[in-house]
2 protein chains.
Amino acid sequence: MQSRTPAPRATGRPRSAAADAAILAATRAALVELGWSRLTLSDVAFRAGVAKTTLYRRWAGKNELVVDAVAELFDELELPDRGSLAADVEGVVLQFAAILDRPEARSGLMGAVAEAARDDVLRERIRASIVERQKRLVVEGRARAQERGELPYEEDPRTAARTVDLIFDLVAGAVVHRALVSSEPVDADWAVSLTQVLLLGIAGAAQNPAGSV
Amino acid sequence: MQSRTPAPRATGRPRSAAADAAILAATRAALVELGWSRLTLSDVAFRAGVAKTTLYRRWAGKNELVVDAVAELFDELELPDRGSLAADVEGVVLQFAAILDRPEARSGLMGAVAEAARDDVLRERIRASIVERQKRLVVEGRARAQERGELPYEEDPRTAARTVDLIFDLVAGAVVHRALVSSEPVDADWAVSLTQVLLLGIAGAAQNPAGSV
DNA sequence: CGCTTTCGCTACGGGTCGTAGCGTAACTGT
DNA sequence: ACAGTTACGCTACGACCCGTAGCGAAAGCG
């Protein structure tokens, strides 16, 4: 979320926090109207009502700016206790899908990931500000399921971390792939089917025909 | 794979098939060296040894060109019979990961998906030439597992198609997300863990500690 | 009230875009 | 063999955006 200022100096004129918010909002608006490739920093600066040079003082370039602008979208993800692991998974899947339905998330997220293929610093920035922000939901839901007795406890913290990572990539990856690559809708039915496979496995899900409507 | 020529005319000078191959190869080379954003059509034309105008005669723009260039990468995916559903899944996951390890696939695929957020035609092109090309592997592996008795047959073709789509998005999405978003390695251990969750579900995989090494 | 940093503004060279125009090359049908 | 048709290579063009530099003014701190 932080622009890239290493340390806020104690002296001199402070940076306008309002400008930061305006710039990030303008970036999202530009993503909606123009998409990734046509988005220009000149345009963002105009929309935000700041000078173009101010933008370059805070962000190294388009990639970093968009990552920060998109990362904020995932702040609205929550995980209310819906009573069961299955219900929790279905809920978060639909929430996540709603975010990915917004054009600023689609083009911004994928554009940033594309650029990260050749930029180690950007890749780490994505991992820190987007991936970690979402992964907390898995940790939370998992702990809750363990309290309910729906999932076993894992003693070794390394094994536990690996499980969390796996579940996260499975769920988030499936939703992203379905919505953005396969271009098919993530609706309630699909969320139910996904959850069944996740909890029971492929064969188990086929026996229980709840996903077939 | 086809450029965009609606119908090959019977008269006049035919288009050079060699030029097509050279252009697509040059596109991949440019993706490796420059990435998505710095790739220019002028550069691709120079690498391929053709005039820039030739490029614009065959493809509408960068997006379409890259989709075609990247789609060819997935032709090398195969599904040899490894004896069990689990082994088949693990094998294809590692194959898929090997492709996604190549920089031309990383930046090209994600860049195209990013642009597809605001381009219906491009989205359909991705679906047709990349998604469908991969989905055949799921259909094949599934049929094989049904013959082995590892998976139940589904009579309703609509239900069956939905299952295939779900499994495809789960596996492909998980691999893509792990490799490109989470930026963590897709190795044999992870492939085993993924397969276990897919076949047995989360709880079932935790009981069988094969993925913990 | 000096010191420091940010901000808005203007201007600049450099690069890419996508297209137009022309002469030439390649292939087809009569 | 010849006319018809299409693809190709080449050059040139205006338009746009990039990222930076330089300036005076504004906003905090001691």
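In what follows, every chain begins at residue 1, and chains take the letters A, B, ... in the order their sequences are listed. Just so it is clear, the values below take in all heavy atoms, side chains as well, and ignore hydrogens, waters and symmetry mates. This structure is a prediction, so every number in the text was calculated from the model and none was measured.
- The shortest non-hydrogen separation linking B:Ser107 to B:Gly35 is OG-CA, 4.1 Å.
- Distance, B:Asp20 CG to D:dA7 P: 12 Å, rounded to whole Å.
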Report, one line per pair, each donor and acceptor closer than 3.5 Å where one atom sits in a side chain of residues 89-101 of chain B; sequence neighbours left out.
| residue | atom | partner | partner atom | Å |
| --- | --- | --- | --- | --- |
| B:Gln95 | OE1 | B:Glu78 | N | 3.0 |
| B:Gln95 | NE2 | B:Glu78 | O | 2.8 |

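- Looking at B:Arg28 and B:Glu72, a side-chain N of the basic residue comes within less than 4.0 Å of a carboxylate O on the acidic one, giving a salt bridge.
- Nucleotide D:dC8 holds its C1' atom 18 Å from the CZ atom of B:Phe46, rounded to whole Å.
- Taking 3.5 Å as the limit, the base of D:dG9 and the side chain of B:Arg57 contain a donor-acceptor pair of atoms between them.
- Using a 4.0 Å cut-off between a side-chain N of Lys or Arg and a carboxylate O of Asp or Glu, A:Glu147 and A:Arg144 do not qualify as a salt bridge.
- Between B:Pro14 and B:Gly61, the residue anchored closer to the 5' end of DNA chain C is B:Gly61, taking for each the nucleotide with the nearest heavy atom.
- Taking the charged nitrogens against the carboxylate oxygens, B:Asp165 and B:Arg162 have no contact shorter than 4.0 Å, which rules out a salt bridge.
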List, with names and distances, any nitrogen or oxygen atoms from the protein found under 3.5 Å away from nitrogen or oxygen atoms belonging to nucleotides 15-18 of chain D.
| residue | atom | partner | partner atom | Å |
| --- | --- | --- | --- | --- |
| D:dC18 | OP1 | A:Leu41 | N | 3.1 |
| D:dC18 | OP2 | A:Ser42 | OG | 2.8 |

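- The base of D:dG28 has none of its N or O atoms less than 3.5 Å from a complementary donor or acceptor on the side chain of A:Arg15.
- With hydrogens and angles ignored, a donor-acceptor pair closer than 3.5 Å exists between the side chain of B:Thr53 and the base of D:dC10.
- Counting distance only, with no hydrogens placed and no angle test, the side-chain atoms of A:Arg13 and the base atoms of C:dT6 include a donor-acceptor pair under 3.5 Å.
- In this structure, CZ of B:Arg58 is placed 16 Å from P of D:dT6, rounded to the nearest angstrom.
- Closest approach of B:Ala30 to B:Asp43, counting heavy atoms only: CB-OD2, 4.0 Å.
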